[in-house]
Structure formats: structure tokens, C-alpha cells
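No hydrogens, no waters, no symmetry mates; every other heavy atom, side chains included, goes into these values. Just so it is clear, the model here is predicted, and its values are computed rather than measured.
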Amino acid sequence: KCRPNAVAFTAAIKAHSAAMKATLSSDEGVDAQNNVLTQQIGASARRCEDLLQQLCLMYQNQGNDRSLKPTSVTFDLVNKALTQAKDWEGVERVKMLRSEAIKMQNNTRRRK
């Protein structure tokens, strides 16, 4: 049975982060192009956040399946992408999502 897991989601997030890094390292000085680049970076950062949110929901809805558990690496990648895009509201959303994940993990441990 083939289904997505945290590794696949993290790989997709890394790919978007790499695309952002490549876009940021391109040295194009035209203002119109910079506006397009800024939009592309923002879209990639939002996609990273969307993937993380989807992974967290799947983890919760699938009975805390360990293969769907987001890692600190996943959270850090998304946080870095949002920071690069200067999406400070997104950074705050990821912080809240991470704290919810930690709370959920602690509640799961108490039940065992």
C-alpha cells in the first residue's frame, strides 16, 4: 500500500525550500522581475506551510501514526522558508502548530 508519510512531505518541503534558495540567489536587478520573484518566494513559502499543516492533520486524524509525525526538521524547514519570505504571520502560525504538536505528543505519552 503506497501512501504519503512524513518523509515524503519533508522531501516536498525541502524541494520548495531549494527552489526558494535558487530564486533568492539569482541576481536580477529589474524591479518588475524582483516583484515576480518575491511573489514566487511567497507562494513557495505558503506551499511549505500548507504541506506542514496537511501533514499535522493527517497525523492527528490517523490516530497518531508515527510515519506521519512531523519532525523538528520539518518544522524548521517551514519556519526558515516563511522567514525568507518575510511572512511573519506564517512564522507565528507554525510556532502555534508546533506547540500544539508538542502538547498532543505529551498527552499521548501520559495515556500510555
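- Interatomic distance, L68 CG to M58 CE, rounded to the nearest 0.5 Å: 5.0 Å.
- Considering all non-hydrogen atoms of both residues, A85 and G42 come closest at CB-CA, 4.1 Å.
- For Q40, the side chain to side chain contact (heavy atoms under 4.5 Å, CB included) partners at least two apart in sequence or on another chain are T23, V36, L37.
- With hydrogens and angles ignored, the 3.5 Å screen pairs a side-chain donor or acceptor of N61 with a backbone N or O of L57.
- Taking every heavy atom of both residues into account, K69 and A6 meet most closely at O-CB, 3.4 Å.
- Residues forming a side chain to side chain contact (heavy atoms under 4.5 Å, CB included) with S17 (at least two apart in sequence, or on another chain): I13, C48, L77, A81.
- For T10, the side-chain hydrogen bond (donor to acceptor under 3.5 Å, both in side chains) criterion is met by T74, not counting sequence neighbours.
- A salt bridge (charged side-chain N to carboxylate O under 4.0 Å, His left out) check over residues 6-17, counting only residues at least two apart or in different chains, returns nothing.
- Residue N79 holds its CG atom at 11.0 Å from CG of L97, rounded to the nearest 0.5 Å.
- The salt bridge (charged side-chain N to carboxylate O under 4.0 Å, His left out) analysis of residues 82-94, with sequence neighbours excluded, yields the pairs E49-R93, D87-R93, E92-K95.
- For D50, the side chain to side chain contact (heavy atoms under 4.5 Å, CB included) test picks out R47, Q53, with sequence neighbours left out.
- Here the shortest heavy-atom pairing between F9 and L55 reads CD1-CD1, 3.8 Å.
- Among all heavy-atom pairs drawn from Q39 and R46, the shortest one is O-NH2, 4.5 Å.
- The same ILVMFWY cluster, assembled from side-chain heavy atoms under 4.5 Å apart, contains both W88 and V94.
- Tested against R98 for a side chain to side chain contact (heavy atoms under 4.5 Å, CB included), the candidates D76, V78, L52 yield a single pass: D76.
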